[in-house]
Amino acid sequence: MEYRDGEALECIDCGATHEPGGNMLVCVKCGGLLEVAYPRSVFRSVSFNGRGVWRYRSLLPKVERIVTLSEGDTPLVKAERLGKYLGLKNLYVKFEGANPTGSFKDRGMTVAVSIALKFNAKSVACASTGNTSASMSAYAARAGLRSLVFLPDGYVAPGKLLQAVAHGATIVRVRGNFDDALKTLLMHREELGVYVLNSVNPYRIEGQKTIAFEIWESLKSVPDFTVYPVGNAANISSGWKGFKELVEAGLAESKPRMIGVQAEGAAPIVKACLQNRETIEPVEKPETVATAIRIGKPLSWKKALRAIRDSRGTAVAVSDREILKAQVDLARMEGLFAEPAGAASVAGLEKLSKEGFFKGDETVVAVVTGHGLKDPSINIEPYAELVIHPGENPAEALRKLS
Ligand code: F0G
């Protein structure tokens with residue numbers, strides 16, 4: 001079809017292209033996931049200006065009004081101490097906790113909420129383990145849209161819930177897990193009259209792919225490996241799309257190998273990868289302390305499996321204990337405080353390093369997806385604490401402690 005407005009929605013399964021529209025979530029021909037596809041001319045005239053996500057607007061969908069909170073442009077921190085500990089000379093952390101609502105979700109939301117306005121949506125909705133709902137509610141508030149969030153009751157970190165409430169979202173508590181919440185929303189979306197902003201919405205991926213662009217621009221090259229925590233499996237897919245587009249635009253010559261990390265209790269993608277299977281086997285009762293990635297039926301599993309296979313990457317499952325250890329290591333060695341799901345990428349790296357997966361001189365970027373302040377319910381141990389009364393000498397108390 002003709003790319004009337006600069007881009008089309010292409011099915012990743014049957015290749016059919018569709019004209020973008022407010023109700024188009026999956027391929028109308030086969031039900032496959034959609035991807036935003038650009039005409040070749042777009043890749044011949046790429047130019048980057050300004051800061052943040054919209055710096056890359058020549059590789060983003062066309063919108064009329066941008067709804068932004070100045071997202072993106074997050075720090076890429078060289079992790080010297082953690083790298084030394086892991087035997088990695090060139091380890092970097094892309095700290096997505098520095099986004100306006102504290103997670104990488106803001107990158108996708110600035111694009112998808114701008115698109116929601118273009119499609120004349122009045123209400124937006126998502127199912128979420130917390131961060132998507134926090135981000136969507138903030139961007140919806142800024143755009144003057146109503147927001148409706150479907151949350152797995154009892155499994156959303158308090159900071160994230162507070163954000164959605166603060167931004168005025170209507171909260172629907174689903175007495176089930178994330179997969180149940182998403183299914184409920186998708187089943188009733190038309191009746192509810194909402195534009196769905198889960199990552200099945202291909203415009204979310206467009207914003208999120210800018211993580212790849214920023215990594216490439218900061219390093220002035222493409223890393224050998226990028227490591228992503230995986231839940232619903234959109235972010236790793238978006239990273240792969242971003243790196244592929246850099247090559248298509250003639251800006252980069254290579255692409256990194258993509259590593260996906262899941263929690264042991266919610267690892268259908270890791271299992272499929274390691275067993276070399278073409279499809280995933282859903283996990284009916286996902287469990288992990290990293291509630292953000294407590295997902296048993298990742299919607300974008302097919303995109304993620306392709307990203308990992310096409311890039312000759314790998315996938316690794318980590319235990320809750322390993323996730324919490326990585327959270328503390330990152331906080332204490334590098335000064336970066338991540339929520340458990342955010343630190344899962346580092347946990348995966350720790351595990352792979354121990355197994356001798358890396359030579360040691362590769363450039364490795366761990367994407368750390370969300371801020372530690374999101375989840376104050378996590379118990380961080382051990383830590384040192386002094387209790388003193390006014391007039392007591394803290395130095396003496398400290399000596400006693402050690
Ligand atoms: N890290 C954090 C902090 C997340 O919140 C999520 C997903 C992921 C990693 C995984 O990304 O789903 O693209 O593979 N959170 C979603 C939510 C599911 O509802 O906030 P993914």
Side-chain angles (χ1 to χ4, degrees), residues 33 74 94-99 101-109 125-138 149-152 155-157 159-161 163-164 169 174 177-179 181-182 185 196-202 204-205 207-209 211 227-241 258-263 266-270 280 286 288-305 307-308 315 318 323 326-327 337-348 366-375 378:
L33 290 175
T74 55
K94 182 69 171 159
F95 188 57
E96 289 296 296
N99 275 299
T101 77
S103 84
F104 71 97
K105 305 286 181 180
D106 296 346
R107 293 179 184 270
M109 279 311 161
C126 68
S128 178
T129 54
N131 281 322
T132 300
S133 58
S135 181
M136 187 192 80
S137 316
V149 304
F150 288 65
L151 305 179
Y155 287 92
V156 172
K160 302 173 190 179
L161 182 59
Q163 285 177 292
V174 180
N177 58 33
F178 168 83
D179 306 295
L182 181 59
L185 168 60
V196 172
L197 289 181
N198 274 97
S199 53
V200 62
N201 183 319
R204 286 266 313 281
I205 308 283
Q208 288 175 202
K209 76 185 179 188
I211 291 180
V227 192
Y228 284 76
V230 174
N232 217 14
N235 206 28
I236 190 168
S237 318
S238 76
W240 182 235
K241 187 171 193 279
M258 308 296 284
I259 301 178
V261 185
Q262 291 194 297
I269 289 182
V270 176
I280 61 156
T288 167
V289 67
T291 51
I293 52 173
R294 187 176 168 270
I295 296 175
K297 298 174 192 161
L299 208 91
S300 296
W301 63 269
K302 200 178 271 184
K303 286 184 180 177
L305 278 186
I308 293 168
V318 287
I323 290 174
Q327 183 187 30
F337 186 29
E339 65 170 290
S345 50
V346 173
V367 180
V368 168
T369 44
H371 204 290
L373 290 173
K374 292 262 190 182
D375 198 350
I378 295 295

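Counting starts at 1 for both ligands and their atoms, in listed order.
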Legend entry - Proximal atoms of ligand 1 relative to I295 (non-hydrogen, under 4.0 Å): 18 (C)
Inset, instruction - State whether the side chain of D179 and the backbone N or O of G296 hold a donor-acceptor pair below 3.5 Å, judged by distance alone. - result: yes
Legend entry - Over all atoms of both residues, closest heavy-atom pair of A304 and I269: CB-CD1, 4.1 Å
Inset, instruction - Would you check if there is a donor-acceptor pair between the side chains of N131 and Q163 at a distance under 3.5 Å? - result: no
Inset, instruction - Answer with yes or no whether S103 contacts ligand 1, where contact means a heavy atom under 4.0 Å from a ligand atom. - result: no
Legend entry - Flag for T74-R107: side-chain donor and acceptor within less than 3.5 Å: yes
Legend entry - Top protein contact for atom 16 (C) of ligand 1, by heavy-atom distance: K105 NZ, 2.9 Å
Inset, instruction - Considering non-hydrogen atoms only, spot the tightest contact between S133 and A164 and give its length. - result: O-CB, 4.3 Å
Inset, instruction - Return the residue, atom name and 0.1 Å-rounded distance of the protein heavy atom closest to atom 5 (O) of ligand 1. - result: N131 ND2, 2.8 Å
Inset, instruction - Validate the cation-pi geometry between R294 and F178: distance from NZ or CZ to the six-membered ring centre under 6.0 Å, angle to the ring axis within 45°. - result: no
Inset, instruction - Taking the side chain as every heavy atom from C-beta outward, state whether V149 and S137 have any pair of such atoms under 4.5 Å apart. - result: yes
Inset, instruction - Mark up the atoms of ligand 1 that fall under 4.0 Å of a heavy atom belonging to T132, in ascending order. - result: 16 (C), 17 (C), 19 (O), 20 (O)
Inset, instruction - For ligand 1, find out whether one of its N or O atoms is nearer than 3.5 Å to an N or O atom of G342. - result: no
Legend entry - Closest approach of any protein heavy atom to atom 13 (O) of ligand 1, naming residue and atom: N235 N, 2.8 Å
Legend entry - Distance filter under 4.0 Å to T129 heavy atoms, resulting ligand 1 atoms: 15 (N), 16 (C), 17 (C), 18 (C), 19 (O), 20 (O)
Inset, instruction - Under 4.0 Å from a heavy atom of V230: give me the atoms of ligand 1 that qualify, with their elements. - result: 14 (O)
Inset, instruction - Taking all non-hydrogen atoms of both residues into account, name the closest pair between F95 and F337 and its distance. - result: CZ-O, 3.4 Å
Legend entry - Atoms in ligand 1 flagged as close to S128, the criterion being non-hydrogen separation under 4.0 Å: 17 (C), 19 (O), 20 (O)
Inset, instruction - Determine the minimum heavy-atom distance between I236 and A307, stating which atoms define it. - result: O-CB, 4.4 Å
Inset, instruction - Check ligand 1 against N232 and write out every atom of the ligand that is under 4.0 Å from a heavy-atom position of the residue. - result: 12 (O), 14 (O), 21 (P)
Legend entry - Beyond-backbone contact of T369 with S345, side-chain heavy atoms, under 4.5 angstrom: no
Legend entry - N/O separation below 3.5 Å, Q208 to ligand 1: no
Inset, instruction - Would you kindly specify which portion of E339 sits under 4.0 Å from ligand 1, judged on non-hydrogen atoms: side chain, backbone, both or neither? - result: side chain
Legend entry - atom 4 (C) of ligand 1: nearest protein contact (heavy atom, Å): A292 CB, 3.6 Å
Inset, instruction - Indicate the atoms forming the closest heavy-atom contact of C126 with N198, along with that distance. - result: CA-OD1, 3.2 Å
Legend entry - Whether F104 lies under 4.0 Å from ligand 1, heavy atom: yes
Legend entry - Numbering as shown, the atoms of ligand 1 that approach I293 to under 4.0 Å (heavy-atom distance): 8 (C), 9 (C), 10 (C)
Inset, instruction - Determine the minimum heavy-atom distance between A157 and K374, stating which atoms define it. - result: CB-O, 3.5 Å
Inset, instruction - Please indicate whether any nitrogen or oxygen in F178 is less than 3.5 Å from any nitrogen or oxygen in ligand 1. - result: no
Inset, instruction - For the pair E339 (side chain) and L373 (backbone), establish whether a donor and an acceptor sit closer than 3.5 Å, ignoring hydrogens and angles. - result: no
Legend entry - Test item, I236 contacting ligand 1 (heavy atom, 4.0 angstrom): no
Legend entry - Protein heavy-atom partner closest to atom 10 (C) of ligand 1 - residue, atom, separation in Å: G231 N, 3.5 Å
Inset, instruction - Would you mind telling me if ligand 1 is within reach of the side chain of A234, the backbone, both or neither, using heavy atoms under 4.0 Å? - result: both
Inset, instruction - Show which atoms of ligand 1 fall inside a sub-4.0 Å distance from at least one heavy-atom site of T369. - result: 1 (N), 2 (C), 3 (C), 9 (C)
